[in-house]
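Everything below concerns the one structure shown next.
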2 protein chains.
Amino acid sequence: MAERTYGQFCGFARAVEVVGERWAFLIIRDLLARPKRFTDLLNGLPGIPTNVLTTRLKELEQAGVLRRRVLPRPAGSIVYELTEHGAELEDTVMALGRWGAKTLDTPREGEIITVDSLIMAFRTIFQAHEARGVTVSYELSFGDIVLHIRIDKGKIRVGAGPLPEADLILEAGPGIKALMAGEITPAQALADGTVHIVRGTRKEFVRFAQLFKIDVSPAQQQALA
Amino acid sequence: MAERTYGQFCGFARAVEVVGERWAFLIIRDLLARPKRFTDLLNGLPGIPTNVLTTRLKELEQAGVLRRRVLPRPAGSIVYELTEHGAELEDTVMALGRWGAKTLDTPREGEIITVDSLIMAFRTIFQAHEARGVTVSYELSFGDIVLHIRIDKGKIRVGAGPLPEADLILEAGPGIKALMAGEITPAQALADGTVHIVRGTRKEFVRFAQLFKIDVSPAQQQALA
DNA sequence: CTGGATCCCTCACGATACTG
DNA sequence: CAGTATCGTGAGGGATCCAG
């Protein structure tokens, strides 16, 4: 296997050699949401050839980013999960996701939305400072995609699947990005059908919009840290 | 120009489409240090083919990450510089550089060190909280590579070239990484010749080592112990 | 069904030479 | 200095096949 390197003795260059191969960073993002099987990864990465996925998994395992684990009986199946070293890429993934979100407007022809991209997106745009001491739960549907958010005393957990007992249940489309970016108000989002409240109050929805916002200035973030 | 996309409506995926092409992220890192001409970029990116550099520059210009600017007379030459949008990748570059530095041990066969990689490296590992109110200047030489650091009331600027009036002038090799990672002490670095003080006190050098540190992850610490 | 391996084809990338 | 032109190679895209 010819190593594709950059010929520089430099931490950044070495990092790019690991995560910069095609599909590699998306694999890591999906595994940040939670451990997955080969087929789960395939489904979450539209268009990736199986041989490329196999190659990336081996390379990333070699690099100490993830590990291949055989589940105990009776499941006996195989899952891929990030090592601690791999999980430390979360900051980078969030920083890059935040940057990319700024120029995200509307879906391109054929583009899909995946659960894991949304899970990481909501983790990324979560305004921790607005959530001090807050305990609340949400369920969000985007077409077939359903995910839930639990905020427990300001700490967030985002996962796939429904949460029937959630305080606020929403149905939305890609247009919800405009709400998160502050381009439209919560009232507008409801009025034009971008978001539909299945359960919960408008007031609760306004708080939701405060808790998740895209454009956070670096200065503001530093002030929080 | 066939667009290589990932088919996901997702900020992170869009970002990876921009910076994930081969060499792209390194070009951005070099431009974060300062604007550059085509040839400067070539020199800082060992092995990049000229046509690939041309292609990347056009793509990144198209993506609004950098701009091509013709300098006014009499210079008349062309520089590439990041747009504001491109400069906002600094957080991500630092986060990724920090991650990669953790597993950086010794140079591989034929690997070189570039000025710009070092400039970004020192910006990245700067411990701002240790530098409150500090004003001091350094000049560092790594073989042919010379760079300087000015810390003015806790604010850092790192640039290429010498700084004859610096408070501390050092000569070092790649082994200095061990010092920054806390694997050896300043005293050891001087004793084994990893670092040589050209001008300045040992006390000043100890402070230098406090101001620049690679954060070692818990996992890495365990591996070392 | 999961978890891949194998094949073929294309095009992005790498190397080198050359030009305004 | 700032690229363009040309050409060979191999990584990635896409489909199919196979073992447990």
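Quick note on labels: first sequence line is chain A, next is B, and so on, each numbered from 1.
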Over how many whole Å does the gap from [X] atom [atom1] to [N] atom [atom2] extend?
{"X": "Glu61(B)", "N": "dA2(D)", "atom1": "CD", "atom2": "P", "answer": "15 Å"}
{"X": "Ile48(B)", "N": "dA12(C)", "atom1": "CD1", "atom2": "C1'", "answer": "13 Å"}
{"X": "Leu53(B)", "N": "dC13(C)", "atom1": "CG", "atom2": "P", "answer": "13 Å"}
{"X": "Glu17(A)", "N": "dA11(D)", "atom1": "CD", "atom2": "P", "answer": "15 Å"}
{"X": "Leu71(A)", "N": "dT2(C)", "atom1": "CG", "atom2": "P", "answer": "14 Å"}
{"X": "Trp23(B)", "N": "dA12(C)", "atom1": "CH2", "atom2": "C1'", "answer": "14 Å"}
{"X": "Glu21(B)", "N": "dG12(D)", "atom1": "CD", "atom2": "P", "answer": "11 Å"}
{"X": "Arg4(A)", "N": "dA12(C)", "atom1": "CZ", "atom2": "P", "answer": "13 Å"}

Salt bridge check, [Y] against [X]: does any charged N sit closer than 4.0 Å to a carboxylate O?
{"X": "Lys102(A)", "Y": "Glu84(B)", "value": "no"}
{"X": "Lys36(B)", "Y": "Asp116(B)", "value": "yes"}
{"X": "Lys58(A)", "Y": "Glu61(A)", "value": "no"}
{"X": "Arg22(A)", "Y": "Glu17(B)", "value": "no"}
{"X": "Arg67(A)", "Y": "Glu81(A)", "value": "yes"}
{"X": "Glu183(A)", "Y": "Lys177(A)", "value": "yes"}
{"X": "Asp40(A)", "Y": "Arg37(A)", "value": "yes"}

Go through dG14(C), dA12(C), dG13(D) for me and flag the one nearest to the Arg22(B) side chain.
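That would be dG14(C).
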
Which ones in residues 24-36 of chain B lie close to DNA chain C, meaning a heavy atom under 4.0 Å from one of its atoms?
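Of all residues in residues 24-36 of chain B, none places a heavy atom under 4.0 Å from DNA chain C.
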
Going by atom types only, do Arg29(B) and Gln8(A) share a side-chain donor-acceptor pair under 3.5 Å?
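A pair is found: one side chain offers a donor N or O, the other an acceptor, under 3.5 Å apart.
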
Check the surroundings of atom CD in Gln62(A): do more than 12 heavy atoms from other residues, nucleotides or ligands lie under 6.0 Å from it?
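12 or below, so no.
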
Take a 6.0 Å sphere around CZ of Arg157(B) and say whether it holds more than 12 heavy atoms from other residues, nucleotides or ligands.
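Count not over threshold, so no.
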
Check: Thr194(A) side chain, Gly175(A) main-chain N or O, donor-acceptor pair, under 3.5 Å:
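Judged by distance alone, no pair lies under 3.5 Å.
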
Report the end-to-end axis angle of the helix from dC1(C)-dG20(D) to dG20(C)-dC1(D); each axis comes from five terminal pairs, and the value is rounded to 10°.
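Computed angle between terminal axes is 30°.
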
Can you name the atoms? Protein N/O to nucleotides 3-5 of chain D N/O, anything below 3.5 Å, with the distance.
unit_1 : atom_1 : unit_2   : atom_2 : d
dG3(D) : OP1    : Arg68(B) : NH2    : 2.5
dG3(D) : OP2    : Tyr80(B) : OH     : 2.3
dT4(D) : O4     : Thr50(B) : OG1    : 2.6

Between Gly47(A) and Val79(B), who's closer to the 5' end of DNA chain D by nearest nucleotide?
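Final value for this comparison: Val79(B).
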
